[in-house]
*Asks:* 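Pasting a structure here, questions to come.
Only this structure's heavy atoms are used, side chains among them; waters, hydrogens and symmetry mates stay out.
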Amino acid sequence: MRWDNHRVVITAAGRDFGRTLAIRLADLGAEVFLSARELAAAQRVRDEIRDRGHQRVHAFACNLTDPASIRDFASGVAEHTDRVDVLINNGSRWLEGSDLLSATDVDVVDTIASGATGTVLTTKSFLPLLLNSDKPDVVTMVSTCGTPGHHRSDAHDAFYAAKSAQAGFTEILSKRLRPQGVRVISLYPPDFDNADPLSEDWATTPRGSKDTLTAHSLVECILFAVAQPRDCFIKAFHFEQV
């Protein structure tokens, strides 16, 4: 599937999986609007994509813990386009530590705000542009930490809280936005290998049944879900943990 007619917003696209998504979707022809907490990080990925011959890419600063920053991001995108076809809620701060006391109060607030509040407010801010599309999708990278009963991660309790909030939000949003034609798709991956999409490792990372989940496979899940006819609402992807 080509994405030439898709306009895609990706949060936290300055590194890691967000960068991977931005590069891969731009390669497929999408117009990409990417954000990072620091503008310079978003600009670096924008320039990487433009160096590959794709000029329809735009970089923005967006701090997902700051409501005004989120609104400014959405307003900036609206200056370039009257619609968004896919919003990918990729941003969420990682916080490690199995001891509740190991994190500062500031770390806890920042983690929950970026993952939970940030996802809600980003979706809210971009919803008017999504409703202008004839194929609107909201894709959220949750985590196995958002699955009830999961306990195999070394993530801090605050990260679990943020991911559980994302899961609850996308669950109800899927039902409430369906009458307006908006599909809400959530991914619940465990830890996964994120090979650099511009390196040889992207094509050679093992993808067998005994191997760790790869970013390559996660991208393909998103491509598959978005490519389905509009009567097909794939609500969630859950993955076995090796």
*Asks:* Judged by modelled atom types alone, do Ser133 and Asp85 share a side-chain donor-acceptor pair under 3.5 Å?
*Replies:*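 Present: a donor and an acceptor within the cut-off.
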
*Asks:* Give the cluster check for Val86 versus Leu127: same hydrophobic cluster or not, with ILVMFWY residues linked at side-chain heavy-atom distances below 4.5 Å.
*Replies:*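 No, Val86 and Leu127 fall in different hydrophobic clusters.
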
*Asks:* Any ion pair linking Asp196 and Arg19 (charged N to carboxylate O, less than 4.0 Å)?
*Replies:*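 Here Arg19 pairs with Asp196 in a salt bridge, since their nearest N and O are under 4.0 Å apart.
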
*Asks:* Do Glu220 and Arg207 meet the salt-bridge criterion of a basic N to acidic O distance under 4.0 Å?
*Replies:*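 Salt bridge flag = yes for Glu220 with Arg207.
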
*Asks:* Rounded to the nearest 0.5 Å, what separation is found between the CD1 atom of Ile112 and the OG atom of Ser92?
*Replies:*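 Result: 10.0 Å between the selected atoms.
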
*Asks:* With the 4.5 Å side-chain cut-off for hydrophobic clustering, are Val139 and Leu87 part of the same group?
*Replies:*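 Each belongs to a different hydrophobic cluster.
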
*Asks:* Are the charged groups of Asp134 and Arg83 less than 4.0 angstrom apart, N to O?
*Replies:*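 Salt bridge between Asp134 and Arg83, a charged N being under 4.0 Å from a carboxylate O: no.
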
*Asks:* We want to know whether Thr104 and Asp107 form a side-chain donor-acceptor pair, criterion being a heavy-atom distance below 3.5 angstrom.
*Replies:*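 Note: Thr104 and Asp107 side chains meet the donor-acceptor criterion.
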
*Asks:* For a side-chain contact (heavy atoms from CB on, under 4.5 Å) with Leu131, tell me which candidate from Val84, Leu177, Val182 qualifies.
*Replies:*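 Of the listed residues Val84, Leu177, Val182, the side-chain contact (heavy atoms from CB on, under 4.5 Å) partner of Leu131 is Val182.
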
*Asks:* For Arg2, what residues pass the side chain to side chain contact (heavy atoms under 4.5 Å, CB included) criterion, not counting sequence neighbours?
*Replies:*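 Here the qualifying residues are Asp4.
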
*Asks:* For Arg44, what residues pass the salt bridge (charged side-chain N to carboxylate O under 4.0 Å, His left out) criterion, not counting sequence neighbours?
*Replies:*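 So Arg44 forms no salt bridge (charged side-chain N to carboxylate O under 4.0 Å, His left out) with any residue.
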
*Asks:* For Asp16, check salt bridge (charged side-chain N to carboxylate O under 4.0 Å, His left out) against everything at least two apart and list the hits.
*Replies:*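 Asp16 satisfies salt bridge (charged side-chain N to carboxylate O under 4.0 Å, His left out) with no other residue.
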
*Asks:* Quick check: Phe192 with Phe17 (ring centres under 6.0 Å apart)?
*Replies:*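 Yes; Phe192 has its ring centre under 6.0 Å from that of Phe17.
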
*Asks:* Taking atom types as modelled and ignoring hydrogens, do the side chains of Gln166 and Thr119 form a donor-acceptor contact shorter than 3.5 angstrom?
*Replies:*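 Side-chain D/A pair, Gln166 to Thr119: present.
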
*Asks:* Tell me whether the NZ or CZ atom of Arg7 lies within the 45° cone about the ring axis of Phe33 and under 6.0 Å from its centre.
*Replies:*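 No, Arg7 and Phe33 do not form such a contact.
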
*Asks:* Which of these passes side-chain hydrogen bond (donor to acceptor under 3.5 Å, both in side chains) with Asn89: Thr170, Thr122, Thr140?
*Replies:*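 Exactly one pass, corresponding to Thr140.
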
*Asks:* Can you name the residues that form a ring pair (Phe, Tyr, Trp, His ring centres under 6.0 Å) with Tyr188, not counting sequence neighbours?
*Replies:*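 Partners of Tyr188 by the ring pair (Phe, Tyr, Trp, His ring centres under 6.0 Å) criterion, ordered by chain and then number, come out as His238.
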
*Asks:* Show the numbers, then the answer: is there a side chain to side chain donor-acceptor pair (under 3.5 Å) between Glu31 and His80?
*Replies:* CA-CA 11 Å; Glu31 183 170 4; His80 294 272; 5.9 Å; no

*Asks:* Going by atom types only, do His150 and Gln241 share a side-chain donor-acceptor pair under 3.5 Å?
*Replies:*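 Side-chain D/A pair, His150 to Gln241: present.
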
*Asks:* Hydrophobic clustering (ILVMFWY, side-chain heavy atoms < 4.5 Å, transitive) - are Val8 and Val77 grouped together?
*Replies:*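 Hydrophobic grouping puts Val77 apart from Val8.
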
*Asks:* Other members of the hydrophobic cluster containing Leu64, with the 4.5 Å side-chain heavy-atom rule, please.
*Replies:*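 Traced through the cluster, Leu64 reaches Ile70, Leu121.
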
*Asks:* Quick one: do Asp27 and Arg56 satisfy salt bridge (charged side-chain N to carboxylate O under 4.0 Å, His left out)? Show the steps, please.
*Replies:* CA-CA 11 Å; Asp27 281 350; Arg56 298 193 307 153; over 6 Å; no

*Asks:* Classify the side-chain pair Asn194/Thr20 by whether it contains a donor and acceptor separated by less than 3.5 Å.
*Replies:*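 There is such a pair (donor and acceptor under 3.5 Å, judged by atom type) between the side chains of Asn194 and Thr20.
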
*Asks:* Verify the neighbour count for atom CZ of Arg230: are there more than 12 heavy atoms of other residues, nucleotides or ligands below 6.0 Å?
*Replies:*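 Correct, the count exceeds 12.
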
*Asks:* May I ask you to check whether Asp191 and Thr212 show a side-chain donor-acceptor distance below 3.5 Å?
*Replies:*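 Their side chains do not contain a donor-acceptor pair, so the 3.5 Å distance test is not met.
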
*Asks:* Going through the distances and angles, do Ser69 and Asn63 end up as a side chain to side chain donor-acceptor pair (under 3.5 Å)?
*Replies:* CA-CA 6 Å; Ser69 181; Asn63 182 345; 5.9 Å; no

*Asks:* Checking Phe237 now: which residues fulfil ring pair (Phe, Tyr, Trp, His ring centres under 6.0 Å) with it, not counting sequence neighbours?
*Replies:*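 For Phe237 there are no ring pair (Phe, Tyr, Trp, His ring centres under 6.0 Å) partners, ignoring immediate neighbours.
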
